[in-house]
Peer 1: 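Supplied in structure tokens, the structure appears directly below.
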Protein chains: 2
Amino acid sequence: MSKRSGILEFAVLGLLRESPMHGYELRKRLNTSLGVFRAFSYGSLYPCLKTLVAQGWLIEETAPDSDSPATPLAGRRAKIVYRLTAAGKEHFEELLAHSGPDAWEDEHFAARFAFFGQTSKDVRMRVLEGRRSRLEERLEKMRASLARTRERLDDYTLELQRHGMESVEREVRWLNELIETERAGRTDNRPGTGRADNDNNQENGGRPESRGTA
Amino acid sequence: MSKRSGILEFAVLGLLRESPMHGYELRKRLNTSLGVFRAFSYGSLYPCLKTLVAQGWLIEETAPDSDSPATPLAGRRAKIVYRLTAAGKEHFEELLAHSGPDAWEDEHFAARFAFFGQTSKDVRMRVLEGRRSRLEERLEKMRASLARTRERLDDYTLELQRHGMESVEREVRWLNELIETERAGRTDNRPGTGRADNDNNQENGGRPESRGTA
DNA sequence: TTCGTCATGTAATGGGTTACATGATTAC
DNA sequence: GTAATCATGTAACCCATTACATGACGAA
């Protein structure tokens with residue numbers, strides 16, 4: 001119960017894991033750094049934060065720097081800063097490792113991928129492979145549907161489907177490359193299976209070996 | 001007012017324009033033939049149909065074969081067949097030609113494209129070009145955001161953004177090809193600017209000249 | 001006769017947006 | 001001092017889904 005917003009909740013926990021923040025900043029990071037995949041409004045963010053606090057995963061810190069003007073640069077004059085609790089951290093790890101049936105959908109996957117820098121290698125592999133097989137299912141359905149309906153569709157509809165399939169195929173190739181790169185990486189990544197006692201595991205710097213952005 | 005479901009409404013009108021159907025079949029066509037971009041459930045379809053009827057865009061035909069058991073094969077026992085009214089047809093034309101600010105978003109565009117076979121050439125061009133410039137805006141934002149945040153992001157996040165941008169760039173190229181093909185096509189397409197009195201204008205068969213699916 | 005599919009709906013819920021209301025702080 | 005932006009929230013709504021309820025029809 002109180003199943004507040006899968007993706008938003010996940011993204012908030014993930015961002016707060018890196019460092020405490022207040023709502024406003026959180027929303028900006030959601031929509032810029034991580035925002036490639038989705039934009040959220042205050043109308044969803046603030047209620048979500050409340051339930052996360054109620055759940056014990058976050059604590060509000062009203063940041064009473066009332067008498068410490070020592071570092072005025074850190075924040076203008078701290079509003080409500082949210083910090084991840086130990087329980088929240090654990091919960092986030094669970095969400096990361098969780099392999100529900102919807103975990104491989106577009107937005108869920110993108111959100112998980114965005115936090116790969118904080119994810120252990122075995123989980124990364126599971127996510128990438130899960131996503132890939134999800135896409136392959138999708139491809140098969142598309143192919144089947146296409147074979148069934150064939151000639152009944154006009155050329156534009158056909159072209160639309162062709163382009164859609166090509167996009168999916170392209171993502172599969174992308175995943176293949178990522179998976180291979182992961183495989184080629186150091187195999188010693190084991191920061192505690194199930195318990196991330198090591199907190200951050202960037203032993204390889206989280207490098208997907210991007211091949212020439214330009 | 002009564003601004004029921006943009007895309008669903010549009011798709012329903014578009015499908016019914018081709019031929020009358022009952023809800024169940026409509027939903028299947030929505031999720032197979034046209035369903036590449038989105039799946040709808042009865043929970044949204046039936047209420048939508050009702051409002052469209054209330055609006056005067058559809059009429060329910062209970063298919064009164066009440067006393068003619070002559071052809072029990074035609075329909076098992078006629079359900080509720082929805083047929084587009086003249087007003088509905090007009091409304092659909094308006095929706096097709098309408099260039100609202102959200103008309104170029106992913107799903108809106110896909111839905112419009114799916115009905116290109118029933119769309120006049122000038123509208124097709126407007127839609128394709130609108131979509132393209134929308135994507136170009138998006139690209140600029142992404143580039144700006146990327147330039148701003150640069151080194152602050154880990155490699156996975158960067159890779160995600162890079163892949164996202166590549167996808168958008170790819171779609172832009174696709175649009176460029178489509179636009180060129182349209183331009184190269186016969187230029188005489190003028191079934192009445194603003195008024196589609198000609199109903200169907202497939203003079204060129206609606207051919208986007210797909211270049212080798214394999 | 002029972003099972004699968006066709007066929008139509010409704011109520012509760014979900015997960016989000018928009019528009020609104022409010023006020024502090026900074027830049028000019 | 002006034003405008004922009006930072007900052008936090010709420011209420012009303014939107015569009016859709018899920019799960020449920022119902023029933024006819026055809027095939028095994």
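All figures in this text were calculated on a predicted structure; none of them were measured in a lab. Here is the naming used below: chain letters follow the sequence lines, and residue numbers restart at 1 for every chain.
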Peer 1: Please state how far atom CG in Leu26(B) lies from atom P in dC6(C), giving the value in whole angstrom units.
Peer 2: 15 Å
Peer 1: Is there side-chain contact between Leu15(A) and Phe115(A), with heavy atoms separated by less than 4.5 Å?
Peer 2: yes
Peer 1: Looking at Arg162(B) and Glu169(B), is any side-chain nitrogen of the basic one under 4.0 Å from a carboxylate oxygen of the acidic one?
Peer 2: no
Peer 1: Using a strict threshold of under 4.0 Å (side-chain N to carboxylate O), is an ion pair present between Arg131(B) and Glu171(B)?
Peer 2: yes
Peer 1: Compare every heavy atom of Trp104(A) with every heavy atom of Arg126(A), then report the nearest pair and how far apart it is.
Peer 2: O-CH2, 3.8 Å
Peer 1: Distance check needed: dG14(C) P versus Phe40(A) CZ, whole Å only.
Peer 2: 17 Å
Peer 1: Touch check for Gly23(B), heavy atoms < 4.0 angstrom, all strands: base, sugar-phosphate only, or nothing?
Peer 2: sugar-phosphate
Peer 1: Quick check on DNA chain C: between Tyr42(A) and Glu25(B), whose nearest nucleotide comes earlier from the 5' end?
Peer 2: Glu25(B)
Peer 1: Are any of Ser44(B)'s side-chain N or O atoms less than 4.0 Å away from OP1 or OP2 of dC15(D)?
Peer 2: no
Peer 1: Using whole Å, what does the distance between atom P of nucleotide dG16(C) and atom CG of Asp102(B) come to?
Peer 2: 20 Å
Peer 1: Please state how far atom CZ in Arg29(A) lies from atom P in dC6(D), giving the value in whole angstrom units.
Peer 2: 15 Å
Peer 1: Measuring from the side chain of Tyr24(A) (C-beta onward, heavy atoms only), which nucleotide among dA7(D), dT17(C), dC6(C) has the closest atom?
Peer 2: dA7(D)
Peer 1: Roughly how many Å is it from CD1 in Ile80(B) to P in dC6(C), rounded to a whole number?
Peer 2: 17 Å
Peer 1: Go through dT17(D), dA7(C), dG16(C) for me and flag the one nearest to the Lys79(B) side chain.
Peer 2: dA7(C)
Peer 1: Tell me the interatomic distance from Glu60(B), atom CD, to dA7(C), atom P, rounded to whole angstroms.
Peer 2: 16 Å
Peer 1: Quick one: on DNA chain C, does Leu45(A) or Lys28(B) contact a more 5' nucleotide (nearest heavy atom)?
Peer 2: Lys28(B)
Peer 1: What integer distance in Å separates Ile7(A):CD1 from dG16(C):C1'?
Peer 2: 11 Å
Peer 1: Give a yes/no answer on whether the side chain of Tyr46(A) brings an N or O atom under 4.0 Å of OP1 or OP2 in dT8(D).
Peer 2: yes
Peer 1: What residues, two or more places apart in sequence or in another chain, satisfy side chain to side chain contact (heavy atoms under 4.5 Å, CB included) together with Arg112(B)?
Peer 2: Phe10(B), Ala103(B), Val127(B)
Peer 1: Ignoring backbone atoms, test whether Lys50(A) places a side-chain nitrogen or oxygen under 4.0 Å from the OP1 or OP2 oxygen of dT10(D).
Peer 2: yes
Peer 1: Provide, to the nearest angstrom, the distance between the CG atom belonging to Leu30(A) and the P atom belonging to dT8(D).
Peer 2: 14 Å
Peer 1: Among the candidates dA7(D), dG16(C), dA7(C), find the nucleotide nearest to the side-chain atoms of His22(A).
Peer 2: dA7(D)
